[in-house]
2 protein chains.
Amino acid sequence: MPNTHIPGSQHSPNALSLAENVIKALSIDNLVFGLDDDDLKILLVKQTDPLHQGKWALPGGWIRYDENLRDAAYRLLEELTGVRDLYLEQLKTFGRVDRFPSERVVTIAYYALVSADKFSLVAGQSAADVSWQSVNKLPELVYDHAEIIEHGLKVLRHQVCHQPIGFNLLPEKFTLLQLQALYEAILNTTLDKPNFRRKIMKMNLLSPCNEKQQGVPHRAASLYRFDAEAYKHLSESGFAFEI
Amino acid sequence: MPNTHIPGSQHSPNALSLAENVIKALSIDNLVFGLDDDDLKILLVKQTDPLHQGKWALPGGWIRYDENLRDAAYRLLEELTGVRDLYLEQLKTFGRVDRFPSERVVTIAYYALVSADKFSLVAGQSAADVSWQSVNKLPELVYDHAEIIEHGLKVLRHQVCHQPIGFNLLPEKFTLLQLQALYEAILNTTLDKPNFRRKIMKMNLLSPCNEKQQGVPHRAASLYRFDAEAYKHLSESGFAFEI
DNA sequence: TTATCTTGTTGTCAGATGGACAATAAGCTA
DNA sequence: TAGCTTATTGTCCATCTGACAACAAGATAA
């Protein structure tokens with residue numbers, strides 16, 4: 001099992017003074033989002049120590065002294081899930097004086113988006129105490145992790161409307177309805193199919209795969225992929241993504 | 001003179017081990033924005049030590065062990081400028097391994113908006129080596145401060161279009177043209193006066209002061225103030241601010 | 001073979017919005 | 001009182017948005 005290094009879970013309260021080669025008082029917590037059908041989920045770790053029996057936590061760990069912040073978040077993700085190449089962005093730094101017991105620990109939260117291709121890999125790869133949980137039905141969480149997730153959801157809901165990042169949650173090739181379902185799941189709303197389709201297509205961000213869905217019991221939809229090059233060009237000439 | 005506590009400026013390279021009662025390796029840097037007529041400015045501190053002769057830095061300092069992050073940013077701002085009640089938000093945490101010489105220092109950047117009422121107070125209150133600099137003509141900066149400011153500007157330009165925060169840069173009572181000039185200065189663009197006016201007024205976020213500008217050599221414009229209550233109500237019912 | 005079901009895709013239309021710009025109003029200065 | 005500057009209102013048209021109808025394409029079942 002990879003060393004998940006959750007502050008306060010795998011360590012006793014005075015673990016800080018034992019940890020070697022890390023920046024003391026500074027940790028990483030990762031918000032890993034994935035889409036399970038039409039349900040937005042987040043990756044959580046079950047706590048095993050008696051103090052937090054039954055509670056869950058964000059996966060995280062310590063930042064090494066000679067390691068960039070982003071690299072640390074990335075390393076911790078890979079150690080936990082075995083998955084690389086995720087969309088990863090810094091969320092916010094949380095440092096309330098009493099957020100962590102007995103020691104002052106400031107944590108830098110990152111959020112990651114896992115593509116549908118890798119969704120089932122992520123939790124399977126690692127220990128049984130790591131699992132996807134619906135963001136609409138979160139279990140009890142340790143420390144300020146509920147607050148961090150709440151903020152993360154707020155930012156995700158905003159970002160997804162203003163940056164083309166939602167594609168990172170889909171498989172490489174997807175249908176327009178899958179894309180629509182993604183927005184409906186994240187924003188917790190419903191959208192008009194024809195209008196959504198037009199809006200997306202007008203942006204010229206999708207390139208057709210010239211393929212159709214397979215094995216569906218109805219007319220198969222066309223598959224598209226996100227065209228990162230096109231987005232780069234468009235945004236350089238003042239285009240603003242907007243849902 | 002207030003103790004500005006710039007990491008690496010007022011301290012020798014091994015200052016970290018001398019500093020008492022702070023979280024080691026963790027600092028705050030503040031991006032303080034203000035509007036000088038139609039020019040967006042940022043508050044910088046001139047470096048005095050021989051190593052950084054002539055360079056400038058963001059005002060910052062150390063976080064105390066028993067102090068919340070936001071409180072630290074606030075305290076440092078007040079110590080430097082004597083001004084309170086600024087709009088203050090966390091920007092991002094910067095921690096590249098080699099961003100700071102000889103010691104690993106991670107810094108949490110905050111950005112503040114200073115109202116036009118207080119603009120001239122801010123730099124005047126403190127030492128001569130603190131001054132407003134146009135964001136379009138920045139001097140040479142120490143460490144990664146140029147990168148931090150660049151990111152801050154990007155975030156400010158985005159936020160100002162999606163949240164009603166621009167008002168924090170104006171005096172309490174302002175004209176519609178002042179508001180327009182603010183957006184033009186920050187976004188570095190020009191806007192159509194009648195259309196801008198309509199767009200703003202339709203939002204119902206401004207309440208009229210029933211007063212007019214004084215001492216202008218032309219027809220005086222009506223004064224308005226931002227109605228925070230109205231915004232609260234509107235945003236609760238799904239309203240999204242958008243310029 | 002044909003009806004029927006489900007989803008994909010295109011069309012239509014009224015109302016809202018946004019950008020360009022004309023027109024008028026109000027106050028100061030010469 | 002004319003002329004200047006800015007404030008404020010009005011108009012027009014292209015585009016966008018949301019609601020919903022209509023048609024197309026497969027798959028399944030009678």
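Reminder, nothing fancy here: chain letters follow the sequence lines and each chain counts from 1.
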(Q) So, using side chain to side chain donor-acceptor pair (under 3.5 Å) as the criterion, who are the partners of A:Asp144 when residues are at least two apart? (A) A:Arg99

Compile the donor-acceptor pairs under 3.5 Å between side chains in residues 168-180 of chain A and protein atoms, sequence neighbours left out, one pair per line.
| residue | atom | partner | partner atom | Å |
| --- | --- | --- | --- | --- |
| A:Asn168 | ND2 | A:Ile165 | O | 2.9 |
| A:Glu172 | OE2 | A:Arg225 | NH1 | 2.3 |
| A:Lys173 | NZ | A:Glu211 | OE2 | 2.5 |
| A:Thr175 | OG1 | A:Leu177 | N | 3.4 |
| A:Thr175 | OG1 | A:Gln178 | N | 3.1 |
| A:Gln178 | OE1 | A:Thr175 | N | 2.9 |
| A:Gln180 | NE2 | A:Glu184 | OE2 | 3.1 |
| A:Gln180 | NE2 | A:Leu191 | O | 2.8 |

(Q) I need the CZ-P distance between A:Phe196 and D:dG18, as an integer number of Å. (A) 12 Å

Q. How would you list, by chain and number, every residue that makes a salt bridge (Lys or Arg N to Asp or Glu O under 4.0 Å) with B:Asp36, sequence neighbours excluded?
A. B:Lys41

Q: Would you please name every residue forming a ring pair (Phe, Tyr, Trp, His ring centres under 6.0 Å) with A:Phe226, sequence neighbours left out?
A: A:Phe167

Just list the side-chain donor-acceptor pairs under 3.5 Å for residues 198-206 of chain A, sequence neighbours left out, or say none.
| residue | atom | partner | partner atom | Å |
| --- | --- | --- | --- | --- |
| A:Arg198 | NH2 | A:Asn195 | OD1 | 3.0 |

**Q.** Positional range of nucleotides in DNA chain C within the contact set of chain A, heavy-atom, under 4.0 Å
**A.** C:dT6 to C:dT12

**Q.** Spacing of A:Lys199 atom NZ relative to D:dT15 atom C1', expressed in whole Å
**A.** 13 Å

Q. How does each nucleotide of nucleotides 22-30 of chain D score, in 5' to 3' order, for protein heavy atoms under 4.0 Å: base (B), sugar-phosphate only (S), or none (-)?
A. --BBSS---

(Q) I need the CZ-C1' distance between B:Arg197 and D:dA7, as an integer number of Å. (A) 7 Å

(Q) With a 4.0 Å limit, can you tell me whether B:Ser222 has a side-chain N or O closer than that to the phosphate oxygens OP1/OP2 of D:dA7? (A) no

Q: Just jot down the side chain to side chain donor-acceptor pair (under 3.5 Å) partners of B:Ser134, sequence neighbours excluded, or say none.
A: B:Asp39

Q: Could I get the full list of ring pair (Phe, Tyr, Trp, His ring centres under 6.0 Å) partners for A:His162, not counting sequence neighbours?
A: A:His158, B:His158, B:His162

**Q.** Carboxylate-amine/guanidinium proximity below 4.0 Å for B:Glu79 and B:Arg75
**A.** yes

(Q) Restricting to ring pair (Phe, Tyr, Trp, His ring centres under 6.0 Å), what partner residues turn up for A:Tyr231, sequence neighbours left out? (A) none

Q: Could you check which residues of residues 169-192 of chain A get a heavy atom under 4.0 Å from DNA chain C? Sort them by number, please.
A: A:Leu177

Q) Can you name the residues that form a salt bridge (Lys or Arg N to Asp or Glu O under 4.0 Å) with B:Lys55, not counting sequence neighbours? A) B:Glu140

